[in-house]
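Note sheet for the following structure.
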Number of protein chains: 2
Amino acid sequence: MKGSDNTNFIPNLSYDCVIFGFNGKTLKILILEYQNTGFFALPGGFIRKNQSLKEAVDQGVEERTGLKNVFLDQFQVFGSLDRSDSFAMRKILEANNKDIEENKWMMNRFITVGHYALINYEDVDPKPDHLSDSIGWYAIEDVPRLMMDHNDIVDKALEVLRNNISEKIIGMNLLPQKFTMKQLQQVFEAILDQKLRRTSFQRKMLSLDILERHEKLFEGKAHKAPYLYSFT
Amino acid sequence: MKGSDNTNFIPNLSYDCVIFGFNGKTLKILILEYQNTGFFALPGGFIRKNQSLKEAVDQGVEERTGLKNVFLDQFQVFGSLDRSDSFAMRKILEANNKDIEENKWMMNRFITVGHYALINYEDVDPKPDHLSDSIGWYAIEDVPRLMMDHNDIVDKALEVLRNNISEKIIGMNLLPQKFTMKQLQQVFEAILDQKLRRTSFQRKMLSLDILERHEKLFEGKAHKAPYLYSFT
DNA sequence: TGTCTATTGTCTCACTTTATGACAATAATT
DNA sequence: AATTATTGTCATAAAGTGAGACAATAGACA
């Protein structure tokens, strides 16, 4: 939880971010843990009064990952009355020796703008500690119990990712610039949580006319060397 | 603009609503005009501190249309710094003899949650005046210049409607309970702004298994009488 | 060095889905 | 009773997808 000047932020409004990464095998998300509380949560924060929503979210993502210009999309606003948890917020403030009175506004009711981000796992700064929280990758099937309604936010983000996103955006943001057809297929299999047919998948991707084929991959791997592709 | 107790509302946060209706020929949206200002705007409002976002929006739509249980979907949050217009807001308050000092919070910067609604045009209460604003239907190609970024909000709502929505939701909410295949096709043609092939469209709709076929339509129309359908 | 083996790129065939046109049935109009 | 425009349905062609076959290949391994 960053910032402490209670006049600088828009009250009652926050953002939360489901940051997806792909490690080559499974889809993962970034979860942070508030020290000395046992609380897990999504990376999130507040919006300054003289700051656009996008600026606030970009800044929060950069602070957590070290990445700029990350693909980000709002997918839902969570605005129910019962989603806030002033008790947990108080414990977090106490555990970090923050002045309760001064940060009382944080214990109010909050409406949050849910975002998801797609990033290249390899690009992330591996030293994840930030101020009072530690942060780490969790496979989507191993996400722990999170604060407030953050598990719902994750579920919804995944649903939107599965249904609404174009092939190009998924691949461009979750993979390195050059990749093999197999890697591309594995991203889709991880997101959709199902096996795909190799030949059909390849034919489909090539027919979409979004891939550029490069020379061979020499990697120490055995067997026939696959082509490398990038997005056009 | 309803309400005047400046302690009851969440500051800096509003909602706006693109309410779509279909009159049998074209897609229309509800636009309100603030009296004595020449300002056109989307129906919108603020969220009370003890009210969920959904309650606030439902209430605002009901006040404007007389309809309960309207299909509503958030589609984007508009959070740029330059979208607010304190000058216009002041003129609206003045034109309605509201106390400027008491309503000063309304001239602050606002982040707004964009929604769209799909309603049956015939169901709408035809006496549209409400407090200080008059309200009326505009074909989407005839929408006037709106306040602030409301034209952008309309454009985005239409884009989302065209891309993301299931056949059933579109038809169920924009049409009367019983309708002909032709009417259903006209809804889609109005939304997508393109002609569709009659036979393909009919086969597609029937194959989706979302329609129930009823008896004949006796209407004074000439030619072969079409079936009536409703959604299952 | 030569053989083995798993992976890759491509092709084929069957099957499904979609596009497009044809045609008969029909209900008011004449 | 014939006309006419519209509707429901079918026929055929075109495009897309599922599932398997097969040769090419590059490291592994004897």
Side-chain angles (χ1 to χ4, degrees), chain A residues 22-26 162-163 165-168 170-171 175-232, chain B residues 22 24-25 162-163 165-168 170-171 175-232:
Chain A
F22 180 71
N23 71 345
K25 299 204 73 172
T26 60
R162 283 178 176 153
N163 293 329
I165 307 290
S166 80
E167 290 79 4
K168 190 164 178 174
I170 289 181
L175 287 173
Q177 217 215 332
K178 291 190 179 182
F179 49 88
T180 66
M181 191 60 76
K182 176 153 206 162
Q183 286 178 290
L184 185 60
Q185 184 175 338
Q186 285 172 323
V187 172
F188 278 82
E189 290 178 338
I191 290 174
L192 300 174
D193 194 28
Q194 60 175 313
K195 278 280 173 193
L196 300 175
R197 259 155 249 290
R198 185 180 63 95
T199 53
S200 299
F201 180 83
Q202 174 144 336
R203 184 176 41 189
K204 173 81 175 250
M205 287 300 134
L206 292 177
S207 74
L208 289 175
D209 209 37
I210 54 177
L211 295 179
E212 188 177 0
R213 181 181 280 185
H214 299 96
E215 330 74 65
K216 295 281 190 172
L217 169 83
F218 320 101
E219 285 280 355
K221 301 287 182 179
H223 320 307
K224 180 172 182 176
Y227 286 110
L228 282 174
Y229 296 88
S230 62
F231 288 95
T232 52
Chain B
F22 180 71
K25 300 204 75 174
R162 283 178 177 154
N163 293 329
I165 306 291
S166 81
E167 291 78 5
K168 190 164 179 174
I170 289 181
L175 286 173
Q177 217 216 332
K178 291 190 179 181
F179 49 87
T180 66
M181 191 60 76
K182 177 153 205 159
Q183 286 178 290
L184 185 60
Q185 185 174 337
Q186 284 172 324
V187 172
F188 277 82
E189 290 180 336
I191 291 174
L192 299 174
D193 194 28
Q194 61 174 312
K195 277 281 172 191
L196 300 175
R197 255 157 247 291
R198 186 179 62 91
T199 53
S200 298
F201 180 82
Q202 174 144 335
R203 180 161 40 80
K204 172 80 173 252
M205 287 300 134
L206 293 176
S207 74
L208 289 174
D209 210 35
I210 55 177
L211 294 178
E212 188 176 1
R213 179 182 278 185
H214 300 97
E215 330 76 63
K216 294 284 190 172
L217 169 84
F218 321 101
E219 286 281 355
K221 302 285 182 180
H223 320 306
K224 182 172 182 178
Y227 286 111
L228 280 175
Y229 296 88
S230 62
F231 287 95
T232 52

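Here is the naming used below: chain letters follow the sequence lines, and residue numbers restart at 1 for every chain. Heavy atoms only: backbone and side chains are in, while hydrogens, waters and symmetry mates are out. Just so you know, these numbers come straight off a predicted model, no measurement behind them.
Within 3.5 Å, no donor on the side chain of A:Arg198 pairs with an acceptor on the base of D:dG18, nor the reverse.
The distance from atom CD of A:Gln185 to atom C1' of C:dT7 is 12 Å, rounded to the nearest whole Å. Rounded to whole Å, atom C1' of D:dT9 lies 18 Å from atom CE of B:Met205. We find that NE2 of A:His223 is positioned 7 Å from P of C:dA6, with the value rounded to whole Å. When the C1' atom of D:dT7 is taken as reference, atom CD of B:Gln186 falls 14 Å away, rounded to whole Å. Between the CD atom of B:Gln183 and the P atom of D:dT7 there is a distance of 10 Å, given to the nearest Å. Here the P atom of nucleotide D:dT17 and the NZ atom of A:Lys195 are 21 Å apart, to the nearest Å.
A donor-acceptor contact shorter than 3.5 Å is absent between the side chain of B:Gln177 and the backbone of B:Ser230.
When every heavy atom of A:Thr180 is checked against every heavy atom of A:Pro226, the shortest pair comes out as CG2-CG, 3.7 Å.
Of the side-chain N and O atoms in B:Ser200, none sit less than 4.0 angstrom from OP1 or OP2 of C:dT18. For D:dG16, neither phosphate oxygen OP1 nor OP2 lies less than 4.0 angstrom from any side-chain nitrogen or oxygen of A:Lys204. Residue B:Gln202 has a polar side-chain atom (N or O) positioned under 4.0 Å from OP1 or OP2 of D:dG8. The side chain of B:Arg213 contributes an N or O atom lying less than 4.0 Å from OP1 or OP2 of D:dT9.
Mapping B:Met181 and A:Arg203 onto DNA chain D by nearest heavy atom places B:Met181 at the nucleotide closer to the 5' end. Between A:Arg197 and B:Tyr227, the residue whose closest nucleotide on DNA chain D is further toward the 5' end is B:Tyr227. In this structure, A:Leu206 and A:Ala222 both approach DNA chain C, and ranking their closest nucleotides by distance from the 5' end singles out A:Ala222.
Among the nucleotides D:dT7, D:dA26, C:dT10, the one closest to the side chain of B:Lys224 is D:dT7.
The one candidate from A:Met181, A:Met205, A:Glu212, A:Gln183 that meets the side-chain contact (heavy atoms from CB on, under 4.5 Å) condition with A:Tyr229 is A:Met181.
Note: A:Phe179 and A:Phe231 meet the aromatic proximity criterion, with ring centroids under 6.0 Å apart.
No side-chain heavy atom of A:Phe201 sits under 4.5 Å from any side-chain heavy atom of A:Arg197.
Residue B:Thr199 is classed as a base contact, given a heavy-atom separation below 4.0 Å to a base.
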